[in-house]
2 protein chains.
Amino acid sequence: MKYEKDVTIYDIAKSLKLSAATVSRGLRNHPTINKHTRKEIIDTAKEMGYRSNSFASSLRTKKTNTIGVIVPRLNSYFVASVLAGMEDVSYKEGYNLIISQSLEKVEKEVFNAHTMFNKRVDGLLISLAYDSINIDHLIPFFKKNIPVVFFDRTSQNNESTSILIDNYKAAYETTKHLLDNGCTRIMHLAGNLLRNVYAERLQGYKAALKDHNIIFDEALIYTSKLDEEAGYSAADYILSLQADKRPNGVFSANDTAAVHCMIRLKSAGVVIPNDIAFAGFNNDPISKVIEPNLTTINYSGYHVGEAAALSLINHLKGTTNIKTTNTIVLRADLIIRDSSVKK
Amino acid sequence: MKYEKDVTIYDIAKSLKLSAATVSRGLRNHPTINKHTRKEIIDTAKEMGYRSNSFASSLRTKKTNTIGVIVPRLNSYFVASVLAGMEDVSYKEGYNLIISQSLEKVEKEVFNAHTMFNKRVDGLLISLAYDSINIDHLIPFFKKNIPVVFFDRTSQNNESTSILIDNYKAAYETTKHLLDNGCTRIMHLAGNLLRNVYAERLQGYKAALKDHNIIFDEALIYTSKLDEEAGYSAADYILSLQADKRPNGVFSANDTAAVHCMIRLKSAGVVIPNDIAFAGFNNDPISKVIEPNLTTINYSGYHVGEAAALSLINHLKGTTNIKTTNTIVLRADLIIRDSSVKK
DNA sequence: TTTATTTTTGTAATCGGTTACAAATTAGTA
DNA sequence: TACTAATTTGTAACCGATTACAAAAATAAA
């Protein structure tokens with residue numbers, strides 16, 4: 001078991017009879033280095049199998065070229081797409097991602113934020129856990145001027161940029177679409193209203209109702225975690241309602257809840273969309289599998305990830321200032337499928 | 001904009017009138033430190049808001065407490081679950097993950113492996129890209145004795161551990177199940193046979209046929225990328241076959257292809273399972289949404305991730321030796337749903 | 001040729017922990 | 001009390017790259 005010793009700039013320096021400082025500069029294309037010398041340095045470096053020691057460098061420069069990412073959970077299609085977008089951008093720009101999940105729990109989010117802080121990430125990308133009430137755990141970042149970019153599940157504050165879609169508008173349009181298609185009693189499957197995304201979707205829903213002169217009915221709001229189980233429970237709730245109290249349309253804040261609600265209702269004999277029309281949110285792969293296919297809001301996780309990473313990196317490189325760019329709103333489109341068009 | 005200077009062990013040392021060495025030892029529970037002194041050190045560290053500088057530490061110890069992960073793509077449910085499992089274990093053990101995706105391309109996989117190597121990860125977790133032919137790009141790791149653990153898409157070699165399921169057995173059982181349910185001509189939707197997982201599934205399929213005295217028919221093997229598009233194409237292929245050449249059962253190497261193939265066939269009037277029975281692989285969320293629900297192999301990505309990370313970390317901590325533990329086989333179960341039970 | 005400039009390279013300190021080895025302190029024993 | 005052994009703490013070098021400042025070399029101007 002032979003460990004070949006790592007090649008350092010000193011080895012290169014010795015081999016070229018130069019000083020380590022010159023080698024260091026040469027490798028980084030420092031302007032004061034003679035181009036001929038630089039070429040020699042780079043060539044020998046390659047030849048000797050040199051690889052830069054990022055710790056030595058980070059220790060000295062206090063830059064890590066690492067971005068921390070905290071997501072609610074890794075195993076969701078949307079989050080996976082977001083990460084894919086972030087990864088693409090980051091690698092191109094020479095940054096690495098350290099990824100962690102809060103599992104929707106505040107405590108883990110706090111813990112992860114601490115870890116990221118201690119690992120001295122250059123910046124942080126975060127989507128808040130289901131029930132994070134405040135962002136006190138990010139104060140150390142703000143204090144040290146480490147940029148933080150929120151995406152999707154954001155938090156209003158002046159210290160950082162947020163990447164999101166116009167949830168209000170998307171929800172408004174979706175609700176309007178249901179109304180235009182003959183729905184008169186629309187139930188809304190809502191998420192935790194602490195989270196901007198869910199609060200805004202609810203607002204958009206309410207606004208659309210109001211504009212169509214429909215009185216908002218608290219009994220038609222079903223708040224949950226929006227997971228499979230919640231979808232089933234929502235269906236049970238609907239089935240438990242008296243016939244005249246039942247909704248004839250459902251707008252769910254995500255596809256998972258919508259789809260599983262549909263499944264349960266269908267097995268109970270409810271006909272979709274004629275008895276109850278459905279619309280979801282996210283354009284998850286399952287929305288194209290359920291029958292009838294689910295009308296939903298298409299909202300590219302990949303682009304969210306790209307935008308978030310890009311925004312952070314631009315700030316790190318000094319191109320833009322994070323405090324002036326407060327919010328970036330991405331496009332989201334209503335995709336109309338069979339689940340919402342009554343025949 | 002005030003940057004408070006970071007607290008170092010020297011600051012703590014000065015404040016306690018001790019040497020930095022003692023502080024360093026105290027913080028790491030070194031045995032030669034007096035418990036009373038240790039307590040004082042830890043208390044003042046907390047009080048002063050000390051956070052250890054991992055670069056200084058890594059520079060000296062040549063350990064990074066970071067594990068590199070390379071996956072084919074981030075945006076799949078299976079991969080996301082694997083990462084969730086890895087993340088859980090790693091964080092508990094004090095390791096961070098650096099995650100990257102090869103996007104199924106060899107070149108990016110090679111590039112990512114280089115980056116990981118340069119970032120000096122303590123170990124590497126990798127699932128190979130769709131068409132990686134060899135693992136030459138991992139040679140630097142082997143040479144430097146940096147442990148590598150393969151998961152799912154593995155590669156046979158003596159240098160590293162592999163985490164997988166018994167694909168052969170799972171495929172055998174699935175095929176047998178279809179045969180037992182009256183299928184006589186079973187088509188197999190295969191993936192790239194360079195990848196162990198797909199090659200073994202094909203072998204299991206073949207073996208089951210043989211044991212049931214059914215002659216293997218090359219025309220019933222449809223090799224593809226197993227994505228949505230491939231599912232549709234497979235359906236088109238089936239529909240293009242003469243009635244007597246059509247399969248009455250399909251065993252797909254993943255759920256995505258199976259489900260989309262089903263969708264297209266259904267819209268062409270094919271009745272599932274009576275005309276054609278279906279079985280997939282992975283237990284993706286869509287398998288529970290498609291109608292009829294898809295029979296599939298349940299195979300916990302989470303556990304794969306856990307096992308892979310644990311195996312690597314145990315090796316790093318010296319608990320086990322990666323060269324002796326060559327393969328870890330995880331449980332996989334056939335879940336029988338309506339898509340395969342003819343009535 | 002001499003002096004002033006501009007280019008290019010070198011010196012040495014620094015970043016913050018870690019650790020081999022030495023020194024000092026305390027405990028144990030005769 | 002004197003001396004040996006065990007605990008505890010300190011000294012100083014080191015990990016490898018970066019950079020302020022100094023010095024040397026090359027070029028231009030007088």
- Item | Candidate pair A/Arg73 and B/Glu87, rule salt bridge (charged side-chain N to carboxylate O under 4.0 Å, His left out), full reasoning | CA-CA 10 Å; A/Arg73 34 186 1 117; B/Glu87 202 265 357; over 6 Å; no

- Message: Do the side chains of B/Lys143 and B/Glu159 get close enough for a salt bridge, i.e. N-O under 4.0 angstrom?
- Response: no

- A/Glu306/A/Lys92 salt bridge by N-O under 4.0 Å criterion: no

- Task: Could you pull out the closest heavy-atom pair between A/Asp152 and A/Asn196, with the gap in Å?
- Result: O-ND2, 3.2 Å

- Message: So, does B/Lys62 get its side chain near the phosphate of D/dG16, meaning an N or O under 4.0 Å from OP1 or OP2?
- Response: yes

- Is A/Asp131 salt-bridged to A/Arg195, going by a charged N under 4.0 Å from an acidic O? no

- Message: Quick check on C/dC15: is either OP1 or OP2 less than 4.0 Å from any side-chain nitrogen or oxygen of A/Ser58?
- Response: no

- Query: So which heavy atom on A/Ala13 is nearest to which on A/Ala20, and how close?
  - Reply: CB-N, 3.7 Å

- Task: Indicate for each nucleotide in nucleotides 18-27 of chain C, in 5' to 3' sequence, whether protein heavy atoms under 4.0 Å reach the base (B), only the sugar-phosphate (S), or nothing (-).
- Result: BBBB------

- Query: How long is the line joining CG of A/Leu18 and C1' of D/dA25, in whole Å?
  - Reply: 14 Å

- Query: Could you give the CG-to-P distance, from A/Leu59 to C/dA13, as a whole number of Å?
  - Reply: 17 Å

- Task: Kindly state each residue pair satisfying ring-ring contact (aromatic ring centres under 6.0 Å, His included) with at least one member in residues 96-124 of chain A, sequence neighbours excluded.
- Result: A/Phe117-A/Phe141

- Message: Is the shortest side-chain heavy-atom distance between A/Ile146 and A/Asp122 below 4.5 Å?
- Response: no

- How bent is the helix from C/dT1-D/dA30 to C/dA30-D/dT1, comparing axes over its five end pairs at each side, to the nearest 10°? 50°

